[in-house]
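Hydrogens, waters and symmetry mates are skipped; everything else that's a heavy atom, side chains included, is used.
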Amino acid sequence: MATSGLISVSDRKRLTVKIFFGLGILFIILGAGVTLVPFSWMVASSLAPAQAMFSWPPRWFYGHLDWTSYMIAWKYVPFATYIFNSLIHCFGVVASQLLLSAMAAYALAKLSPPGGKLLLILFLSTLMIPAESLLIPLYLVMKSFPAQNLPHANLISTFWGLILPTVVSAFNILILKSFFGRLPKDLIDAGRLDGCSEWTIFWKIVLPISVPILVVLGIFGFITTWNSFFWPLIVLNDPKMYTLMVGIQKMVEGGEPWNVVMAVVTLTTLPTIFLYFIFQRYIVRGVVFNGLQV
Amino acid sequence: MSAQRRKRLPTDFFDRLLSNQTDNQINDFLSSLVDEQISSASEMVPEEPPSPPAPAIAGAGYRKGMQSGKIEEAIVTRDEELKEETPVLDEESSWEDLIPRTRQMQTHEIEPSVESPEQPDAFQPPGVPEPPDAFQPPGVPEPPEPLGTMPPEGLPPEVEEVESSADQVLKNKFLQTETELTPPTIDLRDQNQLEPDVRISEKIDAAEEETISKIVSAPPPGVHGAPETPKITEVSKLPEAPMPPPAETSPGIAKVSAKAEEVGRPEDQAPAEPATKPPVAPSPVFLTQKELRRKRMQARWERPQRKPKLPKMAKAVPSITVKPSKLALLDDYLGARPAGEWRKTMSGIRRAALLFLLPAFIAFSLFSWYPMLKGLMLSFLDYQPAGQSLFIGIDNYVRAFQDEMFWGTLWHATGFCVLALGMGFWIPIVLAIFINELRWGKGLLKFLFFLPFLMPTVPAAILWKWMMDQGYGLINALVALLGVADPHIGWLTNPKLALLSLVLLYIWKNTGWAILIYSAALGNIDETIYEEAEIDGASIWDKVRHVTFPALRGVIAVMLIITIINTLQLFTEVYIMTNGGPMNSTEFIATYIYKQAFFNMDIGYASALSILLLIMLLFITVFRLRRLETEGG
């Protein structure tokens, strides 16, 4: 703790300040409690027996932990399918987003293409378009996709339709461009000197250096995609193709008992919290960064 | 000022959109990432930029000559090094100079003693002479050449004046020792003209030369440092400035010096590089094709037909062939490359750039720009999925403005915003300030508050739907604990409460995130400011008011705007918890669009609503930019 801050050491000795500070700590504890209660309720409900869902007043603990809801969730809800779909969705989006955005950003930052500035502005202009405005035309585009060679011209309820709209991200381009802009030119020149092609330079020199920022962007891409709901809800009509988020929403609509739903919700929440523990540093930095950016 | 700004807007626009007053943080964030990586990059990069090694080797070569006691060699080496600078400088001078220059050179070589009367370049400043190597067929064994004669002869007159007599003696000695070699005559007039030319080209490429000098001009320190003989140090001082070597320099010198030095010294290769490509071939960047052809023809016409006569070999000096090393490519890359080659490379890079941009461009055009235009188009249509769509002008928009539901969505968004700001806006600020004052547990608390934000929206909304369940929900149970008998409040079914319930979820979910951002902003406050305020007798409240809040002001503004934008785009929470109900009391514009498009199948109208949403968001963005402009200005 710093030696001085808003409340200095001498301040802390005064009674009013002590009371005030105590109130503040109370407020913090209260806030933390309010924050945590839903989580504990989620876990408690998922571990409660089915009949407890209709008991009043509800209790936190019914004498024993009932894991059947998890069994049901795993067996009868096609949970594994949902997770599989979600993972494909996430990896497809993250991989393509990182690759395409990095390529474009690298070209814009270091290769000075003709008309690069205009292109950048065009790219960034997509940031101002809310996703909701694009849904309808995108849906129509996906319904009759203008590529005749693809197996389906109708991309509704396919992974293509799911992934393609977010295959490149203007935000990533913006961040990566400013990152690449800071790389010394010598690095790239060194590659050229050794006879690397531009692609080799990009793949073997530029990308390896940018791993940290790519990890940050990748994590955020993953979380955003994992959490995405609106577009999958529209584009996926086939229950076998549902991603996790759409799947559990349909499950709730289908009237599953709440303990099973809560088991699924718990399982859905875990991956992101797990990710947070792994990449804590990156995520906090990135969230702050994102927040200050928007 | 304002006019200027407006002019600047297009380029600045998006930067400003995406940055704010706390740019420093972003910069720190990015630069920290860069720094981290650059430090480790040297190991990861396949080959390091070879600029550092080059001078070291060059200096070593010189020093080696010194140590072996061969003073002559050392001098030659030094001169050679100087000479080697010239092709590099030369590269930047326009290629137009090249042709007359080479022609001049060749005439010298062919008939050294003749005064070269037919030279047309009396009025045209001859550029720095191309290294004569250029005219040797690549495979021919190098002839050793008049060694000692070269250095004194080659120096431009001005420099010669400066030379000390001691050096003169030394050089004369060289002349005498190698009598068998005939020193070629020099046209001094031409030499005089060389000087300014070099300087000009030097100026032109100050930037390029900077890098080159790192590589090439490293020898001087080494030379100065060599204390062996005073004479030599004096010699070395003379040609401090990049000096044009005499046109008569024969190619062998490079090879001789190469012998003294390490194999793989990059500078040796530079002059040899053009050997494979005759200097007539390069196409200038700035010449048209026609002009180029004319020049070429001219040059061919004027080129002497005879093969250049090679100087006699000095038997004492064996020739050494130096393998072209990778380092030689550096000079090549940095300038010693003929203009045409360079141009080719540039166009290659540009082509690569376009290829790199292509996928993103296609993706954006297919999935952003085209749908945007299509949406705009649809909004003017009475869209029929199966049949013929009718163009109905702005009827959809007129309908939207007459639609009570549309105004209702705006009203609900406003209510949501007011509630969320009134109830939830101050919470993260206060919490952040208090948490920042804690002595321990900061990280843990931030993590606890951050947990809801980590939870995906869909499960969070489902969880809260269950907690707000009218029959068996937790919240009603908590209300019962307060003493209300059998409370079954319909949090999500009561039209008066539904909006509030949504706000509760929103606050719960976003508080931790806001705390993180506010604490980051608080961390940026310099603590000495607090100390100063304390000394000035400020109370805690004064400090909060005059130090903390001003520091947070920018972030608070950003958070306000984020809240508004989020509210306008609210979909998932509403869709899951109430789906616009009860009695449309929580209908938001996104859910309304969704229902219009996919339940009423009224795609034209939904598109019009989407465009209206877009316009509203753009309006907010522009408003924010204006604010940033006035603040930033």
Side-chain angles (χ1 to χ4, degrees), chain A residues 1-2 4-8 24 28 31-32 35 38 41-42 57-58 100 103-104 107 111 113 124 126 128 130 132-134 136-138 141 165 167-168 178-179 182 186 190 193-194 198 205 208-209 212-213 227 229-230 245 249 252 258 265 268-269 272-273 276 287-289 291-294, chain B residues 14 18 22 25 29-30 33-34 37 41 44-45 47 49 329-330 333 349 352-354 356-357 359-360 363 367-368 371 374-375 431 434 437 439 448-449 454-459 462-463 466 472 474 477 516-517 520 527 530-531 534 543 562 569 571-572 590 597 603 606-607 610 613-614 617:
Chain A
M1 178 61 195
S4 76
L6 176 60
I7 302 174
S8 67
I28 289 176
T35 307
W41 180 243
M42 170 180 82
L100 296 194
M103 278 167 67
L111 302 182
L124 294 190
T126 59
M128 313 214 311
E132 289 80 3
S133 302
L134 286 182
I136 297 160
L138 257 184
V141 167
V167 88
V168 65
S178 52
F179 180 86
R182 284 153 199 257
D186 297 352
L193 193 65
D194 290 329
E198 294 299 320
I205 299 177
I209 316 174
I213 188 118
N227 296 354
F229 178 68
F230 204 173
M245 297 305 154
Q249 163 59 17
V252 173
W258 279 110
V265 163
T268 313
T269 310
T272 43
I273 293 179
Y276 176 82
V287 161
V288 171
F289 178 65
L292 296 178
Q293 272 282 317
V294 178
Chain B
F14 295 99
L18 294 153
T22 41
Q25 268 212 333
F29 174 62
L30 279 177
L33 282 176
V34 176
Q37 276 324 97
M44 304 173 66
V45 175
E47 309 265 341
L329 287 169
L330 181 62
Y333 174 65
I349 291 175
L354 291 181
F356 272 66
L357 282 169
F367 306 119
S368 284
K374 184 161 181 153
L431 281 176
F434 271 115
E437 290 307 314
R439 286 166 195 259
L448 284 185
F449 283 113
L454 286 176
M455 193 176 187
T457 312
V458 175
I462 292 174
L463 171 59
W466 164 228
Y472 309 97
L474 175 71
L516 270 192
I517 288 169
E527 281 170 358
Y530 285 131
E531 276 171 20
E534 171 98 8
K543 280 189 264 183
I562 290 178
Q569 294 186 307
F571 176 80
T572 307
I603 284 184
S607 296
S610 303
L613 171 64
L614 171 72
L617 288 172

Please report the interatomic distance CG(B:Leu454) to OH(A:Tyr276), rounded to the nearest 0.5 Å.
6.5 Å
Chain A contact via B:Phe449 - which portion, at a heavy-atom distance below 4.5 Å
both
Can you say whether B:Leu617 sits under 4.5 Å from chain A via the side chain, the backbone, both, or neither, judging by heavy atoms?
side chain
Nearest heavy-atom neighbours spanning A:Val141 and B:Lys374
CG2-CD, 4.4 Å
For a 4.5 angstrom cut-off between non-hydrogen side-chain atoms, does A:Val168 reach B:Pro359?
no
Note: vs chain A, highest number of non-hydrogen pairs under 4.5 angstrom among B:Tyr472, B:Phe434, B:Trp466 is B:Trp466
Flag the one option from A:Pro130, A:Pro113, A:Pro165 with the top tally of heavy-atom pairs under 4.5 Å to chain B.
A:Pro130
Can you tell me how far CG of B:Leu463 sits from OG1 of A:Thr269, rounded to the nearest 0.5 angstrom?
8.0 Å
Distance check, rounded to the nearest 0.5 Å: B:Leu431 atom CG versus A:Thr35 atom OG1?
8.0 Å
Checked B:Gly375, B:Pro456, B:Ala590 vs chain A; the most non-hydrogen pairs under 4.5 Å come from B:Pro456
Heavy-atom donor-acceptor pair, A:Ser133 side chain to B:Ser610 backbone, under 3.5 Å
yes
Could you give the distance from CD1 (B:Ile462) to CE (A:Met42), rounded to the nearest 0.5 Å?
11.5 Å
Just how far is it from atom CZ of B:Phe571 to atom CZ of A:Phe230, taken to the nearest 0.5 Å?
3.5 Å
Where is the tightest heavy-atom contact between B:Ala360 and A:Leu100, given as atom of each residue plus distance?
CB-O, 4.3 Å
Which atom names give the shortest non-hydrogen contact between B:Met455 and A:Val265, and what distance separates them?
CE-CG1, 3.8 Å
Return the minimal non-hydrogen interatomic distance between A:Leu111 and B:Ala352, and the atom names on each side.
CD1-C, 4.3 Å
Ignoring hydrogens, what is the shortest heavy-atom contact between A:Leu134 and B:Pro371? Give both atom names and the distance.
CD2-CB, 3.9 Å
Heaviest contributor of heavy-atom pairs below 4.5 Å to chain B, chosen from A:Val252, A:Val167, A:Leu138, A:Ile28, is A:Ile28
